[in-house]
Amino acid sequence: MMPDTPENFEEEEIKEEKEEIKIINMEPSLYQQTVSILRYHNLCFECFGRQFSFLGTATNNTDRAKAILLGLTMECHQLLIKNLVLEKYTLFDQNPLEILHLIANRTGLIQAKKMLEKWYRAHPDEVQDHLTINSIRSPCDLCTDLLTDTTLQTLVQKIQILIRKYDYNNFLVGTYVNPAQGDKEDEFRSKFGVTNGESFKANLNRLLGVRLQKTLQKPTKFEKPDLTIMVNLRESNIPKIEITSSPLYLRARYLKFVRDLPQTHWHCHFCRGRGTHKFTGEICPECHGSGDMFPSSVEDLIAETLLPATGGEKAILHGAGREDLDARCLGAGREFIMEIKEPRSRHLNYLELTQTINKQHGKSIHVTNFTVASKKDVIKFKKNSEFNKKKYHALVELAQPISLEEANVKFAMVSEQLCEKKIKQRTPLRVVHRRPDKTRTKIIYSIECKYVDPLHIYLKVLAQGGTYIKELISGDNFRTSPSIATIFNIPMVCAELDVVQIEELQV
């Protein structure tokens, strides 16, 4: 046994390095991979080039493919013109002529075809029956020629026609791919050891996006684009184009001058908006076939003007809180955002739209001028609305008469027990069927009380957003505590309620 010496260690390290070099050299070269792939598959330039898209990145897939194939063609030509038989017919254990045929027939490379034609004219004795030059290349095995110039140009033309009806500033291209396509590509790359390739989906999106930018003269936008153009390949290799227009958000404030007008559209709870019974088909006795609980709403009145102007399919009102349908909203009004689904027009005359709404429905509502908003704005003001301070005026009806002197004593008790105090409110009985039954803590900032007559008092209440004012008055069978009714020790109800001021939280 040899002793451990520095020389022995050095020899061992050199041996290990040689073993590593052998392992590295066992990896197939770019040209070897190319020959292996072309033995089994027809590929378009784009699909061939994208198998090596992370190599030589300062180019595109088609040029990359042509460069690799041309280099391999030159290697074959170099061997063909040599004199030694051993050199002439050995390239990856295959005849260079056969490799040239693979390149010409599998990819359609013009240089390979012309070289073969020239070679056979000069060497007619070397023509072999099993080596023929195809005049037409077969469709690509990976993309069925979806990534070729002809197909891409056809897609661009179809998209141009479809988006003429839309008004947009930017767009984004996407693809729905059949899972079988992904499985086919995974199997292909595993078989040939491809580790530096781009996916079919990413390749198509990029190529189509670049062409559309040039054709439409519009930029792509990856976050919240105006238009999303989807190429649907889920069912077949024949692309279906689907256009989606992102919602348009318009911000304003509304005032409501009438009672019994809900903020948003109410479908009939009995027939769920169908107008007929689900099983019998009989006309709904609740809504008499209309499908609606109320003939109109603030949302409907505003949408009447906005939908035709934008060409949208649906309008949804997002309010910074909501008043009861029998309550008016006065003062500076309530902030809201109208979400227009699938709009076709985005550049609008907002002043003209505002004037039209106010002219047509001025007796019921009034809106301020619209400005463009976003989905983030909807989330923000909905989140903040419960922390806003809201001022209400309420006419209260008492179940039994009270004198002015008695009322003044009670008013003092109300001020002492409620002003700048927290109350607890369990979800009111009138809405518990459609809202979670839980207890909320709210702040009452101030209450001003005025005696009207023995059966009526008038209140001015400043409270935290989300406070149920009717229940603050009535007590709602002790679900709100304390309440004005319990302080008076007299049953009472809110006869009329108005929202007169909303102090938005500034963040």
Side-chain angles (χ1 to χ4, degrees), residues 36-53 60-62 64-66 69 102 105-109 134-166 168 170-192 194 196-216 218 220-222 225-246 313 341-342 344:
S36 299
I37 290 170
L38 296 184
R39 279 176 184 167
Y40 300 97
H41 293 284
N42 298 301
L43 293 178
C44 66
F45 292 131
E46 197 66 28
C47 275
F48 180 78
R50 69 185 173 85
Q51 306 310 318
F52 311 99
S53 60
N60 58 59
N61 288 337
T62 293
R64 183 181 292 107
K66 289 180 179 179
L69 295 170
L102 285 176
N105 294 334
R106 296 290 195 181
T107 70
L109 186 73
N134 300 335
S135 57
I136 301 175
R137 179 185 62 83
S138 299
C140 176
D141 290 342
L142 289 183
C143 75
T144 60
D145 285 357
L146 284 171
L147 297 180
T148 60
D149 285 340
T150 304
T151 305
L152 289 170
Q153 191 55 38
T154 301
L155 284 176
V156 169
Q157 290 170 355
K158 286 182 178 178
I159 291 168
Q160 274 186 288
I161 294 170
L162 289 172
I163 63 177
R164 282 175 185 168
K165 59 187 179 182
Y166 292 99
Y168 62 100
N170 47 68
F171 69 93
L172 181 65
V173 175
T175 306
Y176 294 126
V177 179
N178 191 307
Q181 174 73 28
D183 294 341
K184 179 169 66 174
E185 297 224 347
D186 290 343
E187 184 180 345
F188 174 91
R189 291 181 177 180
S190 174
K191 180 178 179 181
F192 298 108
V194 175
N196 294 290
E198 180 184 26
S199 71
F200 164 77
K201 181 176 180 177
N203 200 173
L204 177 58
N205 289 345
R206 181 171 47 77
L207 289 176
L208 199 52
V210 169
R211 286 174 179 256
L212 285 171
Q213 282 186 71
K214 293 179 180 178
T215 303
L216 303 176
K218 304 276 187 180
T220 55
K221 186 180 179 185
F222 292 96
D226 290 346
L227 283 188
T228 302
I229 302 165
M230 298 301 299
V231 180
N232 192 339
L233 296 168
R234 282 173 175 160
E235 296 178 2
S236 71
N237 287 330
I238 301 174
K240 293 181 180 178
I241 307 299
E242 300 174 0
I243 310 294
T244 304
S245 179
S246 296
E313 294 182 358
K341 298 283 191 180
E342 294 295 328
R344 295 185 180 181

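Positions are given from 1 along the sequence.
Between the side chain of N170 and the backbone N or O of D226, at least one donor-acceptor pair lies under 3.5 Å. Checking side-chain atoms of T154 against main-chain N and O of T150 turns up a donor-acceptor pair under 3.5 Å. With T175 contributing its side chain and V231 its backbone, the two residues share no donor-acceptor pair below 3.5 Å. Although no hydrogens or angles enter the test, the distance criterion places a donor-acceptor pair under 3.5 Å between the side chain of Q51 and the main chain of C47. In this structure, the side chain of K218 engages the main chain of Y168 through a donor-acceptor pair within 3.5 Å.
Looking at R206, R50, R64 one by one, the single match for salt bridge (Lys or Arg N to Asp or Glu O under 4.0 Å) with E198 turns out to be R206.
Side chains of V173 and R211 form no contact here, defined as non-hydrogen atoms less than 4.5 Å apart. You'll find the side chain of L43 reaches within 4.5 Å of the side chain of F188, heavy atoms only. The closest side-chain heavy-atom distance from L142 to H41 is not below 4.5 Å. With contacts defined as side-chain heavy-atom distances shorter than 4.5 Å, the pair M230/I241 does not qualify. In this structure, L147 and C140 have side chains that are not in contact, with every pair of non-hydrogen atoms separated by 4.5 Å or more. Counting heavy atoms from C-beta on, the side chains of E187 and D183 never come closer than 4.5 Å. Residues I159 and L208 meet the side-chain proximity criterion, which asks for heavy atoms closer than 4.5 Å.
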### Message
Evaluate L146 against L233 for side-chain contact (heavy atoms from CB on, under 4.5 Å), listing each step before the verdict.
### Response
CA-CA 10 Å; L146 284 171; L233 296 168; 3.9 Å; yes
### Task
I would like to know whether Q160 and L216 meet side-chain contact (heavy atoms from CB on, under 4.5 Å); could you show each step before the answer?
CA-CA 8 Å; Q160 274 186 288; L216 303 176; 4.0 Å; yes
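For I238, the CD1 atom sits in a loose shell: 12 or fewer heavy atoms of surrounding residues, nucleotides or ligands are nearer than 6.0 Å. Counting non-hydrogen atoms of other residues, nucleotides and ligands closer than 6.0 Å to NZ of K191 gives a total above 12.
Between atom CG of residue L155 and atom CG of residue L204 there is a gap of 7.0 Å, rounded to the nearest 0.5 Å. In this structure, E313 CD and R344 CZ are separated by 7.5 Å, a value rounded to the nearest 0.5 Å. Separating the CG atom in L69 from the CZ atom in F48 is a distance of 4.5 Å, to the nearest 0.5 Å. Considering CZ of F45 and OG1 of T107, their distance stands at 4.5 Å, rounded to 0.5 Å. With values rounded to the nearest 0.5 angstrom, R234 atom CZ is found 9.5 Å from N178 atom CG. In this structure, CG on L227 lies 10.5 Å from CG on L212, to the nearest 0.5 angstrom.
E46 and T62 share a side-chain donor-acceptor pair at under 3.5 Å.
Checked for salt-bridge contact, D145 and R137 meet the test: a charged N lies under 4.0 Å from a carboxylate O.
Annotation: cation-pi pair K184/F200 absent, no NZ/CZ under 6.0 Å from the ring centroid and within 45° of its normal.
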